[in-house]
Amino acid sequence: MAELLGPRLYSCYNCRNHVSYHDDVISKAFQGRNGRAFLFSHAMNIVVGPKENRQLMTGLHTVADISCKDCREVLGWKYEKAFEESQKYKEGKFILEKSKIVKENW
């Protein structure tokens, strides 16, 4: 008999707190501070830090670091504002660094 699993999730690599659903991945072709990163439409169980303007590879953005709600590990950032029209699709979306998340229920 097949084992029933819940939805595929990504969790904090440090404490295994669930931070996003696999279905919320928009792109796996992003660059984080420490290597590859994924763009997500939603994130959960996180704390959003203060906003700051940051020059990224694709131009100037207003971003806020996001941390795991349980262990406070910085996992990536939230795009608050994009200054270039071609980057506006990122607003309100989340970057989670691949090195900071692990797969659950795969």
Side-chain angles (χ1 to χ4, degrees):
M1 180 180 246
E3 186 177 329
L4 296 177
L5 294 175
R8 294 190 298 172
L9 299 162
Y10 289 97
S11 299
C12 171
Y13 82 103
N14 189 49
C15 71
R16 299 299 195 264
N17 184 23
H18 297 157
V19 293
S20 196
Y21 292 104
H22 174 71
D23 289 347
D24 290 333
V25 173
I26 296 170
S27 174
K28 294 183 178 181
F30 275 72
Q31 187 68 30
R33 284 190 193 103
N34 305 303
R36 256 178 82 200
F38 300 163
L39 182 68
F40 288 83
S41 58
H42 299 93
M44 59 189 167
N45 299 320
I46 58 161
V47 176
V48 179
K51 296 176 188 177
E52 65 178 55
N53 288 338
R54 199 177 291 167
Q55 186 68 40
L56 301 174
M57 292 174 66
T58 55
L60 184 63
H61 295 78
T62 302
V63 298
D65 284 342
I66 57 173
S67 304
C68 174
K69 188 172 86 174
D70 286 351
C71 73
R72 302 295 192 219
E73 180 72 29
V74 175
L75 303 174
W77 63 84
K78 179 180 181 184
Y79 286 103
E80 298 287 354
K81 179 178 176 156
F83 290 90
E84 295 183 29
E85 195 60 39
S86 66
Q87 301 300 307
K88 293 278 188 194
Y89 75 96
K90 296 177 185 174
E91 292 181 347
K93 311 283 190 310
F94 300 86
I95 286 288
L96 293 172
E97 299 208 38
K98 187 178 181 214
S99 65
K100 302 288 184 104
I101 56 176
V102 294
K103 297 174 180 179
E104 301 273 348
N105 291 337
W106 290 63

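Sequential numbering from 1 along the given sequence is applied to the chain's residues. All figures in this text were calculated on a predicted structure; none of them were measured in a lab.
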*Asks:* Nearest 0.5 angstrom please: E91 CD to K78 NZ, how far?
*Replies:*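 Taking CD in E91 and NZ in K78, the distance rounds to 10.5 Å.
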
*Asks:* Under the criterion side-chain contact (heavy atoms from CB on, under 4.5 Å), I'd like the reasoning laid out for E80 against V48: C-alpha separation, chi angles, the key distance, then a yes or no.
*Replies:* CA-CA 11 Å; E80 298 287 354; V48 179; 4.1 Å; yes

*Asks:* Taking all non-hydrogen atoms of both residues, which atom of T58 and which atom of E84 are closest, and how far apart?
*Replies:*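 The pair with the smallest heavy-atom distance is O-OE2, 3.7 Å.
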
*Asks:* Starting at CG of L96, measure out to SG of C12 and round the result to the nearest 0.5 Å.
*Replies:*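 So the gap between those two atoms works out to 10.0 Å.
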
*Asks:* According to a 4.5 Å side-chain heavy-atom criterion applied to Ile, Leu, Val, Met, Phe, Trp and Tyr, with indirect links allowed, do I66 and V47 form part of one hydrophobic cluster?
*Replies:*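 Each belongs to a different hydrophobic cluster.
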
*Asks:* Looking only at heavy atoms, what is the nearest atom pair of M44 and S20, with distance?
*Replies:*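 M44 and S20 have their closest heavy atoms at CE-N, 3.9 Å.
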
*Asks:* For a quick test of reading the model, state the closest non-hydrogen atom pair linking V74 to S67 and the distance between them.
*Replies:*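 Minimum heavy-atom contact is CG2-OG, 3.7 Å.
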
*Asks:* Can you tell me how far apart CD (E73) and CG (N14) are? Round to the nearest 0.5 Å.
*Replies:*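 So the CD of E73 and the CG of N14 are separated by 5.5 Å.
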
*Asks:* I'd like to know if the side chain of Q31 and the backbone of M57 have a donor-acceptor N/O pair within less than 3.5 Å.
*Replies:*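 No.
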
*Asks:* Consider only side-chain heavy atoms of I, L, V, M, F, W and Y, link residues closer than 4.5 Å, and tell whether V19 and V102 are in one cluster.
*Replies:*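 No, V19 does not connect to V102 through the hydrophobic network.
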
*Asks:* Is the NZ atom of K51 crowded by more than 12 outside heavy atoms at less than 6.0 Å?
*Replies:*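 No, the 6.0 Å shell around NZ holds no more than 12 heavy atoms from other groups.
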
*Asks:* For residues W106 and E104, report the shortest heavy-atom separation together with the two atoms involved.
*Replies:*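 Taking every non-hydrogen atom into account, CD1-O, 2.8 Å.
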
*Asks:* Spell out, yes or no, whether L39 and L56 are grouped together once hydrophobic residues are joined by side-chain heavy atoms under 4.5 Å, including indirect joins.
*Replies:*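 Shared cluster, yes.
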
*Asks:* Could you label the plane-to-plane angle of the Y10 and F40 rings as parallel, tilted or perpendicular, counting under 30° as parallel and over 60° as perpendicular?
*Replies:*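 Y10 and F40: perpendicular rings.
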
*Asks:* Can you tell me how far NZ of K81 sits from CG of L60, rounded to the nearest 0.5 angstrom?
*Replies:*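 So the gap between those two atoms works out to 9.5 Å.
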
*Asks:* Do F30 and V63 sit in the same hydrophobic cluster, where Ile, Leu, Val, Met, Phe, Trp and Tyr count as joined when their side-chain heavy atoms come under 4.5 Å apart?
*Replies:*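 Same cluster.
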
*Asks:* Return the CG to CD1 distance between L75 and I95, rounded to the nearest 0.5 Å.
*Replies:*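 These two atoms lie 12.5 Å from each other.
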
*Asks:* Indicate if F38 and F94 have the same hydrophobic cluster label, given that clusters are the connected sets of ILVMFWY residues with side-chain heavy-atom separations under 4.5 angstrom.
*Replies:*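 They do share one cluster, since a chain of ILVMFWY contacts under 4.5 Å joins F38 to F94.
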
*Asks:* So which atom in K93 and which in S41 form the shortest heavy-atom distance, rounded to 0.1 Å?
*Replies:*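 Minimum heavy-atom separation between K93 and S41: CD-CA, 3.8 Å.
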
*Asks:* Around atom CD of Q55, are there more than 12 heavy atoms of other residues, nucleotides or ligands at under 6.0 Å?
*Replies:*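 Yes, the 6.0 Å shell around CD holds more than 12 heavy atoms from other groups.
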
*Asks:* Below 30° counts as parallel, above 60° as perpendicular, anything between as tilted: where do the rings of W77 and Y79 land?
*Replies:*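 If you compare the ring of W77 with that of Y79, the planes turn out perpendicular.
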
*Asks:* So which heavy atom on P7 is nearest to which on N105, and how close?
*Replies:*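 Of all heavy-atom pairs spanning P7 and N105, the closest is O-ND2, 3.2 Å.
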
*Asks:* Measuring from C15:SG to K69:NZ, what's the distance to the nearest 0.5 Å?
*Replies:*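 Between C15 SG and K69 NZ, I get 10.5 Å after rounding to 0.5 Å.
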
*Asks:* Please check if the side chain of N17 supplies one atom and the backbone of N45 the other of a donor-acceptor pair under 3.5 Å.
*Replies:*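 Such a contact is found between N17 side chain and N45 backbone.
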
*Asks:* May I ask you to establish whether K100 and Y13 are in a cation-pi arrangement, using a distance under 6.0 Å from NZ or CZ to the six-membered ring centre and at most 45° from the ring axis?
*Replies:*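 Not satisfied by the 6.0 Å and 45° rule.
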
*Asks:* Quick one, K103 with R8, criterion side-chain contact (heavy atoms from CB on, under 4.5 Å). Give me CA distance, side-chain angles, the key distance, then yes/no.
*Replies:* CA-CA 7 Å; K103 297 174 180 179; R8 294 190 298 172; over 6 Å; no

*Asks:* Are there over 12 heavy-atom neighbours, none belonging to Y21, within less than 6.0 Å of that residue's OH?
*Replies:*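 Open: at most 12 neighbouring heavy atoms sit under 6.0 Å from OH of Y21.
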
